[in-house]
Q: 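Below you'll find the structure I mean.
Just so it is clear, the structure is predicted and the values come from calculations on it, not from any experiment. Lettering of chains follows the sequences in order, A, B, ..., and the numbering in each one begins at 1.
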There are 2 protein chains.
Amino acid sequence: MPSGQVTHGPSDSDPKAAYPQPSTARPAPRVRTARAAEIIDAARTLLEDRGPRGLTMRKLADTVGIQAASLYKHLPSRSALEVALVEHGLDEIGSALHGALAKSTVDPIGALLDTYRSAGLANPQLYRLVTAGSFPRGQMLEGLEAWAGEPFFLAAGDPHLAQALWSFAHGTLLLELDGRFLDGSDLDRTWQAGAEAFKAARRAIPRPSVR
Amino acid sequence: MPSGQVTHGPSDSDPKAAYPQPSTARPAPRVRTARAAEIIDAARTLLEDRGPRGLTMRKLADTVGIQAASLYKHLPSRSALEVALVEHGLDEIGSALHGALAKSTVDPIGALLDTYRSAGLANPQLYRLVTAGSFPRGQMLEGLEAWAGEPFFLAAGDPHLAQALWSFAHGTLLLELDGRFLDGSDLDRTWQAGAEAFKAARRAIPRPSVR
DNA sequence: CCATTCGGCTAACAATGTTAGCCGAATGGG
DNA sequence: CCCATTCGGCTAACATTGTTAGCCGAATGG
């Protein structure tokens with residue numbers, strides 16, 4: 001997900017720019033027929049409230065009022081459908097993260113983690129799908145993954161700390177979604193404990209000097 | 001995975017015990033017939049080198065030289081097989097973590113993360129299975145999960161920091177296994193960046209006083 | 001000695017993704 | 001205006017999945 005280099009944006013001479021500006025562009029979404037979009041949408045709600053095993057071609061066809069085989073007039077395969085869902089998820093999470101970062105300059109790491117967590121909790125199954133085992137990088141929209149992950153690099157200041165921060169967010173969210181933490185443990189404080197650790201580490205890294 | 005409370009062990013009066021002692025006992029493994037163990041073993045190697053989609057009842061039966069239906073004379077279902085594999089994985093990871101912690105008192109967090117990473121990289125598919133979406137907690141060996149996760153609590157000193165540390169390890173390992181980090185990025189340094197952040201946070205927490 | 005259990009087998013079923021082939025309705029170019 | 005083409009539905013079928021039912025020979029033990 002994370003993008004590569006974070007170069008300084010066009011506002012290089014703006015002294016208020018304490019953090020580097022986004023350099024990655026959000027790729028244009030795919031063009032789709034109305035029917036295909038409708039199917040993908042139905043798939044999404046089916047996934048979200050019936051779970052991954054509830055998302056089957058025949059059930060999906062049913063909710064759309066169609067025969068399963070007819071789905072293939074609109075989508076080449078089930079995995080293509082999954083790619084579409086993953087792209088939706090990445091787009092939403094990326095938007096949320098970029099938005100959060102644009103708003104809060106005082107505590108970017110905290111804002112980022114909060115937003116990441118909220119986005120995941122709002123669509124648990126979709127988040128799981130997006131970050132599931134091995135997904136088809138080759139078939140995905142070029143640059144989408146990089147754009148969605150970029151805020152971590154912007155907030156952390158250092159690429160390695162950025163990846164570590166993303167790892168923490170990803171791991172915590174997955175464990176929270178899967179209910180793997182201690183019963184009754186205060187997850188807010190778990191998130192906060194990690195956030196504090198990374199904020200402190202961030203402070204130990206020199207700000208990128210704005211000439 | 002993490003255990004609940006970490007009470008002080010029997011060596012409460014030992015002044016060298018800078019960290020709390022394990023209080024959770026490793027649950028006794030299930031008793032199994034030789035044939036069942038053989039099947040589970042075959043399933044494991046099948047999973048590890050053919051991937052999760054390569055582990056099918058018929059293929060498993062083939063490698064054991066049996067008919068698929070005959071597997072059900074030894075195992076009640078595929079999900080029971082998965083539970084067995086998960087238990088294997090938890091047992092191995094737990095052993096490795098407890099061992100690492102017992103050895104290194106100088107840098108427990110670093111040792112823990114190294115061991116966690118190694119264990120995961122050694123058996124990627126098994127690790128994915130162990131930490132996969134929602135697994136059947138009810139069917140698992142009682143206390144195994146708690147025992148396996150306990151080292152994080154021992155090393156972190158604070159339950160919330162422990163869960164955050166575990167989250168970081170889990171997230172980083174998953175992202176590494178799934179190849180989601182930047183191509184060519186130095187993962188050692190990513191792990192290290194997180195490790196440093198958590199070590200610093202650990203230092204800010206008072207040691208549990210040993211009366 | 002015989003009943004029971006063990007552990008293999010074949011046959012079958014339902015559900016999954018997916019393909020082939022048919023067909024009516026829209027559509028657009030000559 | 002007609003006709004060829006495309007669009008988007010349908011039914012039927014296939015292979016593969018987990019799983020169950022039922023048969024049967026060999027060991028086993030009271």
Q: Can we say A/D158 and A/R202 salt-bridge, meaning some charged N sits less than 4.0 Å from an Asp/Glu carboxylate O?
A: no

Q: What range of DNA chain D does chain A touch, first nucleotide to last, counting atoms under 4.0 Å from its heavy atoms?
A: D/dG8 to D/dA13

Q: Could you grab the distance from atom OG of A/S79 to atom CG of A/L85, nearest 0.5 Å is fine?
A: 11.5 Å

Q: Which parts of residues 33-59 of chain B get close to DNA chain C, meaning a heavy atom less than 4.0 angstrom away?
A: B/R35, B/R58

Q: Specify the closest pair of heavy atoms between A/L60 and A/I39, including all atoms of both residues, with the distance to one decimal.
A: CD1-O, 3.8 Å

Q: Check the pair B/Y116, B/Y127 against ring pair (Phe, Tyr, Trp, His ring centres under 6.0 Å), reporting the backbone distance first and the verdict last.
A: CA-CA 10 Å; B/Y116 197 85; B/Y127 181 81; 5.7 Å; yes

Q: Are the aromatic rings of B/F198 and A/F198 close, with centres under 6.0 Å apart?
A: yes

Q: Would you please indicate yes or no on a ring centroid separation below 6.0 angstrom for A/H160 and B/W191?
A: no

Q: Is it the case that over 12 heavy atoms from other parts of the model lie below 6.0 angstrom from the CZ atom of A/R189?
A: no

Q: Would you please test A/R180 and B/T131 for side-chain hydrogen bond (donor to acceptor under 3.5 Å, both in side chains) and show each step?
A: CA-CA 9 Å; A/R180 306 280 302 246; B/T131 63; 5.8 Å; no

Q: Are A/T172 and A/R117 close enough that a side-chain donor and a side-chain acceptor fall under 3.5 Å?
A: no

Q: Dot-bracket, 5' to 3', for DNA chain C please: Watson-Crick or G-U pairs under 3.5 Å, [ ] where pairs cross earlier ones, | where the partner sits on another strand, dots elsewhere.
A: ||||||||||||||||||||||||||||||

Q: Can we say A/R44 and A/E87 salt-bridge, meaning some charged N sits less than 4.0 Å from an Asp/Glu carboxylate O?
A: no

